[in-house]
Amino acid sequence: MKFRKSRDITTFDDFFQQNFDDNNLWEYKATEVDLLVELVAIIRPRHPERVTEVSLEPLLALLKNNEKYCKGLGFYIKGLIKHKKFSRILTDAGILNDADFFFEVKSRLLSKIIPYQPQKETLEYILNQVMSLKTAPGWLLKRPAAELEALIEDVGYRTIYISDEANSPLTELLFAMKVLIQRIGGRALETDVMQMVPEYENLESPFIAIQKEFSILSERLLEEQKNYVSPDDMGFRQIGVLLHQCRDYVDAAFKNSSKYGISLRVNQNLLRMRQQLQRLEVLLPLLAISEPEEARKDTISLALNLINYNCIKNNVRSLVGESTQLLSYEVTQHTANTGEHYITKTVGEYFRMLWAASGGGIIVGVLCIIKVLLGKVDTSIFGHAFLYSLNYAFGFIAIYVLGFTLATKQPAMTATALIRALERDQKNNELGNEEQHRAFATFFARVFRSQFIAFVGNVLVAFPVAWLGIWLIDITFHYNIALTKWDKLLFDLSPVHSLALFHAAIAGVFLFLSGIIAGSVANRDKFRHMYYRIAEHPLLKKTFGRTRAEKIASWYERKWAGIVSNFWFGFFMGSTSSIGIFLGLNLDIRHITFASGNLALALYGANYNISTEMILWASAGIVLIGLVNFLVSFTLSMSLAFRSRNIPLTEFWAVGRAIRRHFLRKPLSFFFPSGEKKTASGKTP
């Protein structure tokens with residue numbers, strides 16, 4: 001945002017000649033912010049990201065050679081910001097205002113479009129007009145510190161320690177710190193927050209203690225003429241110790257989320273407390289000075305922080321990033337635990353995976369037949385969506401509850417298990433980086449061959465089951481259910497005649513989301529102590545007995561998150577096509593196992609009168625659909641897991657190279673189990 005008068009002022013000479021010459025036009029604008037806007041626009045580089053240093057030397061030289069300009073500018077700036085309140089910037093800007101995540105996002109997005117405008121007697125109003133761009137902190141930090149000190153001295157601006165009268169900088173600073181401390185204490189004593197740190201239950205709360213200590217210190221500061229204390233002051237140092245204890249409390253609460261789970265609201269409360277404590281850690285040193293010369297530096301530091309906080313207050317990206325990181329970690333922890341069950345190590349586990357995948361293929365083959373029959377029901381578009389969704393949902397739940405495997409459900413789970421293995425290697429640091437990556441590549445080969453044999457089991461069994469089902473219906477009821485639909489079933493499999501690969505990508509997104517739902521449900525139930533509540537439910541214990549109530553709770557803990565996940569995955573899959581028809585968009589889903597079953601139905605429905613070319617394209621489509629299902633789901637899950645664990649993306653390329661080298665060395669290990677040597681640590685990688 002740039003402010004310009006009708007006459008475009010681009011130099012300091014033009015600016016001062018027009019406003020601070022003998023006519024003193026600035027006096028007519030002394031209470032307006034427009035002149036400061038123009039001056040900053042001249043200082044600010046047009047492309048801040050391209051400059052390495054922003055020099056104030058031309059301005060300083062002009063002021064030094066013209067006393068009238070210097071005095072006039074000093075009177076204008078001091079008059080403009082005198083008694084301006086700024087405590088709200090310190091207490092609110094850049095800090096979560098509400099524990100409701102979605103409300104906070106909406107509020108910040110609205111403020112980006114229509115910025116909040118405070119009253120004109122506040123410093124926030126001036127900063128909104130002068131330096132509202134998010135690039136302001138960047139280019140301000142590129143100017144030499146000595147030049148900014150010289151500018152403050154030239155205009156005669158006093159430090160924040162000169163006065164302690166009402167609305168002075170010192171009283172505003174103290175008031176802001178007091179508000180922050182009280183807000184933190186109030187949040188810390190809420191029940192949902194306290195249950196995250198039971199180890200502090202019988203200890204004196206550092207949040208109450210810091211309120212008492214700061215009240216004593218602030219009263220002493222306002223009574224003394226120096227308006228600051230020594231860094232060795234006992235009261236000041238005690239506040240520092242208590243501030244550190246408060247940080248430990250919040251860190252312990254975040255850490256305990258792996259034991260007790262965490263809700264989005266509690267996560268936002270803890271995040272807000274952490275942000276407020278970080279703000280206090282920045283402001284507290286401003287109350288202590290060892291040498292009087294530090295007063296000007298502290299004043300500049302406060303001014304720059306005010307500008308920075310005001311510029312980042314509507315940052316949506318940082319809000320989403322900070323708010324979702326811990327939750328994504330807890331969600332992916334559950335998917336990692338689940339994913340480890342899908343990774344085979346021995347030959348026996350490899351063939352057990354084939355058996356489980358075959359069971360999944362049987363159920364999917366039946367689901368393919370049921371869906372074709374449901375398509376013949378005379379109902380609305382959304383009626384079909386509901387029926388298809390129930391068909392998918394109950395089928396997926398049956399696969400899960402019976403212990404079978406749907407191959408495409410694995411990537412979202414195993415991706416996080418891979419990242420956790422990489423994270424574990426980094427933390428243990430028992431091996432060198434190269435050896436860690438080599439061990440990870442071996443682990444990845446296990447994951448890949450587990451995916452491969454699951455795909456094989458699903459696809460090879462779904463095809464004959466679907467064919468057998470349609471044949472039995474035909475010979476029993478003399479009705480070929482795919483007679484009028486075989487062409488569409490076949491057409492939808494072709495990667496060149498239809499949007500099969502795009503639809504496969506949509507299915508991959510749903511597979512990823514189903515994994516997120518499973519982790520979210522498990523995390524929520526853990527936070528709400530659902531397992532314990534079920535085990536100790538008076539009615540359940542009275543009806544079934546304590547032992548059976550505990551078994552019900554155990555079953556709920558092991559299965560419920562997966563059941564909910566599969567239920568929603570079924571509704572995603574079943575409703576996409578109908579939603580696409582309603583919106584006039586070509587939306588649908590393609591899933592490799594269902595594609596195999598649909599090919600069998602199409603062949604039977606056409607009485608095998610299909611060209612070789614179409615059969616080849618359909619067969620290629622099945623392979624490509626499975627590949628896209630895998631890649632989309634796996635990539636999204638890997639990205640989330642990388643982000644949730646703060647692992648740099650450079651690590652991704654390093655392990656990618658290690659996987660490639662391992663494949664060139666042992667390509668068959670990616671498809672079939674083979675003997676694996678132990679690592680230098682004595683562990684099987």
Side-chain angles (χ1 to χ4, degrees), residues 357-358 360-362 364-376 384 388 392 406-408 411 451-475 479-511 573 576-577 580-581 585-633 667 670-671:
S358 299
I362 292 172
V364 169
V366 174
L367 296 179
C368 290
I369 296 171
I370 294 175
K371 185 182 178 184
V372 172
L373 293 172
L374 291 175
K376 299 181 182 298
H384 279 125
Y388 293 158
Y392 282 123
L406 188 66
T408 50
Q451 304 292 309
F452 169 75
I453 196 60
F455 275 123
V456 170
N458 278 175
V459 171
L460 292 186
V461 175
F463 183 93
V465 169
W467 182 90
L468 180 62
I470 193 173
W471 175 74
L472 288 174
I473 292 173
D474 192 13
I475 65 170
Y479 180 52
N480 186 342
I481 63 173
L483 182 63
T484 60
K485 199 173 182 180
W486 69 266
D487 53 341
K488 186 179 187 308
L489 291 172
L490 197 64
F491 176 83
D492 288 344
L493 297 180
S494 173
V496 294
H497 299 99
S498 70
L499 295 178
L501 300 186
F502 172 65
H503 296 155
I506 295 175
V509 174
F510 291 153
L511 288 161
M573 297 278 282
T576 302
S577 177
I581 294 172
L585 301 174
N586 189 355
L587 300 179
D588 210 337
I589 52 93
R590 295 290 174 266
H591 186 282
I592 180 174
T593 314
F594 286 89
S596 174
N598 287 340
L599 177 58
L601 297 180
L603 288 172
Y604 192 91
N607 199 24
Y608 311 106
N609 293 320
I610 299 175
S611 67
T612 304
E613 180 185 4
M614 280 305 296
I615 293 178
L616 290 176
W617 277 123
S619 301
I622 293 174
V623 175
L624 293 175
I625 287 169
L627 183 62
V628 173
N629 288 160
F630 173 83
L631 288 177
V632 172
S633 176
F670 282 73
F671 302 97

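Just so you know, these numbers use all the heavy atoms, side chains as well, and skip hydrogens, waters and symmetry mates. Residue numbers start at 1 and run along the sequence shown.
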message = Does any part of the side chain of Phe671, heavy atoms only, come nearer than 4.5 Å to the side chain of Val456, both counted from C-beta?
response = no

note = Scanning both residues in full, the closest heavy-atom pair of His497 with Trp617 reads CE1-CD1, 3.8 Å

ask   = So how far is it from Leu490 CG to Lys485 NZ, rounded to the nearest 0.5 Å?
value = 13.5 Å

task = Can you measure from CG (Leu493) to OG (Ser498) and round to the nearest 0.5 angstrom?
result = 7.5 Å

key: Straight-line distance of Asn607 CG to Leu483 CG, nearest 0.5 Å   = 9.0 Å

Non-neighbouring partners of His384 that pass ring-ring contact (aromatic ring centres under 6.0 Å, His included), sequence neighbours left out = Tyr388

key: Sequence-distant partners of Asp492, salt bridge (charged side-chain N to carboxylate O under 4.0 Å, His left out), two or more places apart   = Lys488, Arg590

ask   = Looking only at heavy atoms, which two atoms of Leu489 and Ala602 are closest? And how far apart?
value = CB-CB, 4.0 Å

Min side-chain heavy-atom separation Phe463-Leu599 under 4.5 Å = yes

ask   = Hey, what's the ring geometry for Tyr392 with Phe594, parallel, tilted or perpendicular (30° and 60° as the breaks)?
value = perpendicular

query = With sequence neighbours left out, what residues match Ile370 under side-chain contact (heavy atoms from CB on, under 4.5 Å)?
reply = Val366, Leu374, Asn391

key: Nearest non-hydrogen partners of Val465 and Ile362, listed with the distance   = CG1-O, 3.5 Å

ask   = Is there a donor-acceptor pair closer than 3.5 Å between any side-chain N or O of Lys376 and the backbone N or O of Ile481?
value = yes

remark   = Here the gap from Leu601 atom CG to Asn480 atom CG, rounded to the nearest 0.5 Å, amounts to 9.5 Å

note = In short, Val459 meets Ser596 closest at the heavy-atom pair O-OG, 2.8 Å

key: Derivation and outcome, side-chain contact (heavy atoms from CB on, under 4.5 Å), residues Val364 and His591   = CA-CA 10 Å; Val364 169; His591 186 282; 5.8 Å; no

key: N/O donor-acceptor pair under 3.5 Å between Thr576 side chain and Leu587 backbone   = no

message = With rounding to the nearest 0.5 angstrom, report the CZ to CD1 distance, Phe455 to Ile592.
response = 5.0 Å

ask   = How far apart are the closest heavy atoms of Ile369 and Ile470, and which atoms are they?
value = CD1-N, 3.8 Å

ask   = Do the ring planes of Tyr608 and Tyr604 sit parallel (below 30°), tilted (30 to 60°) or perpendicular (above 60°)?
value = perpendicular

Nearest heavy atoms of Pro495 and Leu501, plus distance in Å = CB-CG, 4.2 Å

message = I need the Asn629 CG to Leu624 CG distance, nearest 0.5 Å.
response = 11.0 Å

